[in-house]
Amino acid sequence: MIGSGDEDETSDRAGSSGHAGSTGRADSSSRAGSSGRVSSADRAESSDPADLAGAVISWFAENARDLPWRRPGFTPWGTLVSEFMLQQTPVIRVVPRLAEWLERWPTPAALAASSPGDAVGAWQSLGYPRRALWLHAAAVTIVERHRGIVPREVDALLALPGVGDYTARAVSAFAYGDRHPVVDTNIRRVIARAVQGDAEPGPPNGKRDLAEMAALLPTDRTDARAFNAGMMELGAVVCTARAPKCELCPLRASCAWRAAGYPEFTGKRKTIQKKFEGSDRQVRGLILAALRARHPEAVSHAVLSALWPDRLQFDRALAGLLADGLASLTADGFTLPTS
DNA sequence: GAAGCGTGGGC
DNA sequence: TGCCCAAGCTT
């Protein structure tokens with residue numbers, strides 16, 4: 001069951017820079033036999049979904065990082081909060097904020113009883129502060145419509161603000177153990193490489209991505225949960241976007257990308273993000289940082305406008321924050337959102 | 001479907 | 001240094 005722990009390949013090259021050299025070995029000669037049980041060595045090179053899942057699950061059992069949401073007794077609410085925070089924010093930056101949040105707001109009802117401004121303030125520098133607003137609104141909905149209990153069903157979760165396809169499935173699968181394919185950026189990359197032989201997954205396609213993960217998902221609920229988590233972990237620490245550590249990968253013997261000699265990506269790249277320096281996003285961030293620093297006190301327009309030289313762009317950014325509900329105008333000046 | 005949305009770290 | 005990337009979601 002330890003899967004592919006043993007080394008049968010010595011030509012791992014995918015380490016530091018580029019994958020140019022490695023011709024790989026395309027010997028599909030030793031694929032798993034046609035029938036019955038598969039030896040550990042055969043399983044390592046098999047393209048059978050069950051063997052891929054088994055290898056990932058075994059690897060995850062031994063290599064999972066010790067993270068808060070993997071502790072016994074972690075609540076569904078904790079899972080929901082962590083998933084919001086992890087949307088586009090690295091694990092290392094989430095961990096300390098998550099601890100603060102769950103100590104301050106151990107239940108949806110606790111957060112719902114606070115103001116959205118408190119939520120945005122406690123979000124600190126996690127980025128994309130509208131997530132704090134959505135999480136607060138989700139807590140209110142959970143109290144009003146779900147008796148303060150984080151919903152278990154994907155459809156109910158999807159109805160919460162800020163919860164999309166990934167988060168809904170992650171909460172149902174990880175907090176409640178239900179069997180759903182979960183697809184995030186890590187899993188899309190692992191599938192692209194190990195199964196499809198491509199260096200990158202290309203732009204997301206909800207239906208197709210879900211179907212691909214579903215085709216690999218073990219039938220057993222416990223296995224399915226471990227497989228979802230293990231695939232994400234594999235993509236996060238081994239099958240990384242840059243400089244993947246192929247020599248440590250439990251799928252190296254069967255990886256289609258490796259077998260093909262690590263071809264470069266030729267498909268459509270995802271759209272590149274515009275430069276942050278000088279952007280509206282930067283100005284919004286500066287304004288919000290000032291409001292956070294003073295919260296719950298108000299900050300005058302004069303003080304805020306001194307943060308950015310371009311008056312037109314400043315006004316646009318501030319108006320945007322007000323429109324988004326991330327700032328409020330009071331008699332004393334601007335604040336984080338009140339009620 | 002593309003664009004907009006924060007912030008910080010790695011190479 | 002500048003660019004890419006990070007457990008996405010909404011419009």
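Atom set for the values below is all heavy atoms of this structure, side chains included, hydrogens, waters and symmetry mates excluded. So that the names make sense, note that chain A is the first sequence line, chain B the second, and so on, each numbered from 1.
- Remark: C1' of C:dG8 and CD1 of A:I187 are 14 Å apart, rounded to the nearest angstrom.
- Scanning all heavy atoms of the two residues, the minimum distance from A:L291 to A:T335 falls at CD1-O, 3.8 Å.
- Going from atom CG of A:N205 over to atom P of B:dA2 covers 11 Å, rounded to whole Å.
- Between A:R311 and A:D315 there is a salt bridge, with a side-chain nitrogen of the basic residue lying less than 4.0 Å from a carboxylate oxygen of the acidic one.
- Each of A:P90 and A:G162 has a nearest nucleotide on DNA chain C; the 5'-most of these lies closest to A:P90.
- In terms of polar N and O atoms assigned as donor or acceptor, the side chain of A:R281 never comes within less than 3.5 Å of the base of B:dT7 in a complementary pairing.
- Checked options A:T141, A:I142, A:V143; the residue passing with A:R145 is A:T141 (criterion: side-chain contact (heavy atoms from CB on, under 4.5 Å)).
- At whole-Å resolution of the value, NZ in A:K275 and P in C:dG2 are 8 Å apart.
- In this structure, A:Y128 forms an aromatic stack with the base of B:dC5, since both conditions hold: centre separation below 5.5 Å and plane angle below 30°.
- Rounding to whole angstrom units, NZ of residue A:K274 and C1' of B:dT7 are separated by 18 Å.
- Note: CH2 (A:W123) to C1' (C:dG8) measures 12 Å, nearest angstrom.
- A donor N or O paired with an acceptor N or O is found under 3.5 Å between the base of C:dC4 and the side-chain atoms of A:R242.
- Comparing atom distances between the A:W134 side chain and each of C:dT10, C:dC4, B:dG8 picks out C:dT10 as nearest.
- Each of A:K268 and A:G127 was matched to the nucleotide of DNA chain B holding its nearest heavy atom; the match closer to the 5' end belongs to A:K268.
- If you check distances only, the side chain of A:S125 never reaches the base of B:dG6 with a donor-acceptor pair under 3.5 Å.
- Between A:L326 atom CG and C:dC9 atom C1' there is a gap of 14 Å when expressed in whole angstrom units.
- Residue A:T185 places its side chain closer to C:dA7 than to any other of B:dG4, B:dG8, C:dA7.
- Side-chain atoms of A:T271 lie closest to B:dA2 of the nucleotides C:dC9, B:dA2, C:dA7.
- In this structure, A:L133 places its CG atom 12 Å from P of C:dT11, rounding to the nearest Å.
- Between A:S82 and A:P161, the residue whose closest nucleotide on DNA chain C is further toward the 5' end is A:S82.
- Listed nucleotides: C:dG8, B:dG6, C:dC4. Nearest to the side chain of A:T89: B:dG6.
- Between A:R189 and the phosphate of C:dA6, there is a side-chain N or O to OP1/OP2 separation shorter than 4.0 Å.
- Separation of atoms CD (A:Q124) and CZ (A:R93) is listed at 11.0 Å; rounding is to 0.5 Å.
- Distance A:R97 CZ to B:dG8 C1': 13 Å, rounded to the nearest Å.
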